[in-house]
Structure formats: C-alpha cells, structure tokens
Amino acid sequence: MKEKSVKQNIGICKFCGKEKKLIKAHIIPRHFHLNYENETYAAINSKTGNWKPCKTGTYDKNILCADCDGTIIKRFEDEAYRILLNDIYNFAEYKYNQNILYHLTEKDFDYMLFRKFFISVLWRASISKAEDFSNINLGPYEDIALKILENDIEKDNLFKILIFKFPRNMDNNSIVYLSKIKIKHETYCLCMAGYYIYIFINEKNIPFDVIKYYGEFFLRKENLYILESPIFYQKHCEHLNTIWASSGKLYSYLKKKFEKYGHI
Ligand SMILES: [Zn+2]
C-alpha cells in the first residue's frame, strides 16, 4: 500500500486540502527562468547564499495537485507572464537617459491575478520543504496568504509589492532566487526574468526611506508602476559578485560562465 502511494504520489494538496495525486510544482514557475529550455542557470539557496547550477528550477512534488497548479494558480502566472515578459514594453510612460518608468492603469492589468502571482510564489516557497527555500517561512501569514489566493479575503495592507526592472537582455537577468532580506521585519525579494521584486509582508513595517522614495510605486489596484534603470542592474551585479567571491564552491563555475561578459 505504501509502495503504491509513493509510486502515484498521492497526498493532501495544500491548496484545495483534498487527497489527490500530487504533481511536480515549481516554486518559481519555469517560464520565468529565461532560456529555461536551453540554458543552465544559477539558483541561490535562500538560507546559505550558496549557488548551484540548475536546469529546471526547484520543484516540490508534495504540495499541489494538477487541478490547483494547472488551473487556479496558472491563471496568476499567465497574467504575470503576459505583463512582465511581453506587454510591459507597450507602457513606457517616461524615459530619462536609460531610466524608464512603466505605468499600467487598472484597465491594462488584472490587479487580483497579478498580485496573487507574487503571493503564490511566496506561499509555495513557504509550504515547500525544498532545501533551496528553507528560510522562507511565512509563519502566521502562510494561512492568510492562502485565504487571499482562495479569494476569501483581500487584505490590501499585507503583501505589499514593489517592482524594479533591469534593462533587457542583460546576462545576469537569467539569475533566479527568492530570499529573505534584512530590511526590518518580514521582507522578501524575488529575483527572476530580469526583475527585482520586493515583497513586504506588512505595510506597517515598510522602512520610512522606502516609502519616501518609492511609496507611490507600490502595486495598487489603480496603478502598476515598474522602474527600470541600469543602476539597479549595476547594484545587482555588485551584489552577485560579492556572493560569488565568498562562495568558493561555485565561484569557478560561474566565473567561467560569466567572465566573458566582463562581470567579474
Ligand atoms: Zn488541489
């Protein structure tokens, strides 16, 4: 009996709560790994900061059934993919040097689906036992995240999202990670597909400086703002170089991969 259930991977889906066949659910969906079909990319362990080369992205085969992953959650992913990887380029509102401010209004995007995408990534990482996400733990917010995803509640004061973008076609845009960052209280950053996304769990804990400079750019029903700048990319590369320099194990692998681009 035990053998059979292992083979078919029957378990309780964390989303619908039913006993079903569970599938390989990616924590960060595959399509947000640029060039995922051909290229190896570097995944960062959120706890140790160590790197490892990955091909398909981290998945967990014990959390979701095919219905929840392939229908409900997929709708969040489709909306995020449509905006972040395609339509964004139609909404450049303001350009200065190489800095661009993209602005979508409520008729241009589905706020609920788009917001839920980020919450769903964080929620999956939190419920997952995958080693790469072992320090992602939403604690009491895990159930709240699920209720938001299920449409039971909205809780607009939670899961505040701020999106920065790197210029297109930069080499380090294919780097993917989700980690807890050390700004006060619970804040996470999701780096994927050339974006750097802050998720502040509770708006009351957003640092004053962030509100002062970026307050109006937080995701809201009425507005989706995305800020693009080569400076963000430069900072990103500096940060990566610091990690690479202190992470000897994969340093040589990554150095070989990236040095031709002059980033190390
Ligand atoms: Zn399910």
Side-chain angles (χ1 to χ4, degrees), residues 24-47 49-60 69 73-89 102 109 113-126 128 130-136 138 145 159-181 187-200 217 219 224-230 232-237 239-240 243-244 254 257-258 263:
K24 288 181 181 174
H26 283 84
I27 308 299
I28 299 169
R30 284 178 75 197
H31 286 88
F32 293 92
H33 296 99
L34 301 178
N35 302 323
Y36 70 93
E37 281 157 329
N38 307 316
E39 280 208 10
T40 303
Y41 68 92
I44 302 179
N45 181 305
S46 64
K47 195 173 187 177
N50 286 335
W51 294 74
K52 68 174 177 186
C54 276
K55 277 206 182 298
T56 57
T58 303
Y59 61 82
D60 191 320
D69 192 53
I73 292 173
K74 187 170 183 300
R75 291 184 63 220
F76 313 152
E77 293 170 7
D78 286 349
E79 180 65 352
Y81 188 85
R82 178 182 75 83
I83 290 164
L84 298 176
L85 278 298
N86 290 313
D87 290 6
I88 179 75
Y89 299 103
Y102 300 95
F109 76 109
L113 294 178
F114 189 68
R115 176 182 184 236
K116 284 178 182 181
F117 168 72
F118 300 104
I119 300 173
S120 73
V121 171
L122 206 50
W123 176 76
R124 278 196 297 273
S126 181
S128 172
E131 169 63 24
D132 286 354
F133 299 101
S134 56
N135 82 332
I136 310 289
L138 292 176
F159 301 101
K160 305 304 286 184
I161 293 155
L162 181 61
I163 306 175
F164 296 97
K165 184 179 180 310
F166 306 138
R168 244 173 149 174
N169 300 324
M170 306 304 272
D171 301 304
N172 287 345
N173 285 0
S174 60
I175 285 168
V176 175
Y177 62 86
L178 171 64
S179 64
K180 195 170 184 173
I181 53 173
T187 306
Y188 295 86
C189 76
L190 172 61
C191 188
M192 51 158 222
Y195 289 87
Y196 192 91
I197 299 144
Y198 285 100
I199 307 168
F200 295 89
F217 301 118
L219 176 65
L224 163 56
Y225 287 106
I226 296 177
L227 294 155
E228 174 179 320
S229 172
F232 302 143
Y233 183 71
Q234 191 190 329
K235 293 270 181 217
H236 176 59
C237 294
H239 175 65
L240 294 174
I243 300 173
W244 289 346
L254 289 156
K257 185 167 160 48
F258 290 105
H263 288 143

Take Leu84 and Phe114 through the side chain to side chain contact (heavy atoms under 4.5 Å, CB included) test and state the conclusion after the steps. CA-CA 10 Å; Leu84 298 176; Phe114 189 68; 4.0 Å; yes

May I ask you to establish whether Lys165 and Tyr195 are in a cation-pi arrangement, using a distance under 6.0 Å from NZ or CZ to the six-membered ring centre and at most 45° from the ring axis? yes

Has Arg124 got its NZ or CZ under 6.0 Å from the middle of the six-membered ring of Phe133, at an angle within 45 degrees of the ring axis? no

Would you say the rings of Phe217 and Tyr225 are close, in the sense that their centroids are separated by under 6.0 Å? yes

Is a side-chain N or O of [X] found less than 3.5 angstrom from the main chain of [Y], in a donor-acceptor match?
| X | Y | value |
| --- | --- | --- |
| Ser126 | Leu122 | no |
| Asp132 | Leu178 | no |
| Ser128 | Ala125 | no |
| Tyr233 | Asn172 | yes |

Can you tell me how far [atom2] of [Y] sits from [atom1] of [X], rounded to the nearest 0.5 angstrom?
| X | Y | atom1 | atom2 | answer |
| --- | --- | --- | --- | --- |
| Thr58 | Ile28 | OG1 | CD1 | 7.5 Å |
| Tyr81 | Asp78 | OH | CG | 10.0 Å |
| Met192 | Ser174 | CE | OG | 13.5 Å |
| Cys191 | His236 | SG | NE2 | 4.0 Å |
| His26 | His33 | NE2 | NE2 | 7.5 Å |
| Leu162 | Cys189 | CG | SG | 12.0 Å |

Stepwise side chain to side chain contact (heavy atoms under 4.5 Å, CB included) test for Leu227 and Ile163: CA-CA 7 Å; Leu227 294 155; Ile163 306 175; over 6 Å; no

Just wondering, more than 12 heavy atoms not from Arg75 lying within 6.0 Å of its CZ? no

Electrostatic pair Glu77-Lys74, nearest N-O below 4.0 angstrom: no

Could you go through Ile199 and Phe159, starting from their C-alpha distance and side-chain angles, then the distance that decides it, and tell me whether this counts as side chain to side chain contact (heavy atoms under 4.5 Å, CB included)? CA-CA 6 Å; Ile199 307 168; Phe159 301 101; 4.3 Å; yes

Would you call the rings of Phe166 and Tyr196 parallel, tilted or perpendicular if under 30° counts as parallel and over 60° as perpendicular? tilted

Do you know the tightest heavy-atom contact between [X] and [Y]?
| X | Y | answer |
| --- | --- | --- |
| Ala130 | Asp60 | N-OD2, 4.0 Å |
| Leu85 | Ala193 | CD2-CB, 4.1 Å |
| Asn173 | Pro167 | ND2-O, 3.0 Å |
| Ile88 | Tyr102 | O-CD2, 3.2 Å |

Are the side chains of Tyr59 and Ile27 in touch, meaning some heavy atoms are under 4.5 Å apart? no

Going through the distances and angles, do Leu190 and Phe32 end up as a side chain to side chain contact (heavy atoms under 4.5 Å, CB included)? CA-CA 11 Å; Leu190 172 61; Phe32 293 92; over 6 Å; no

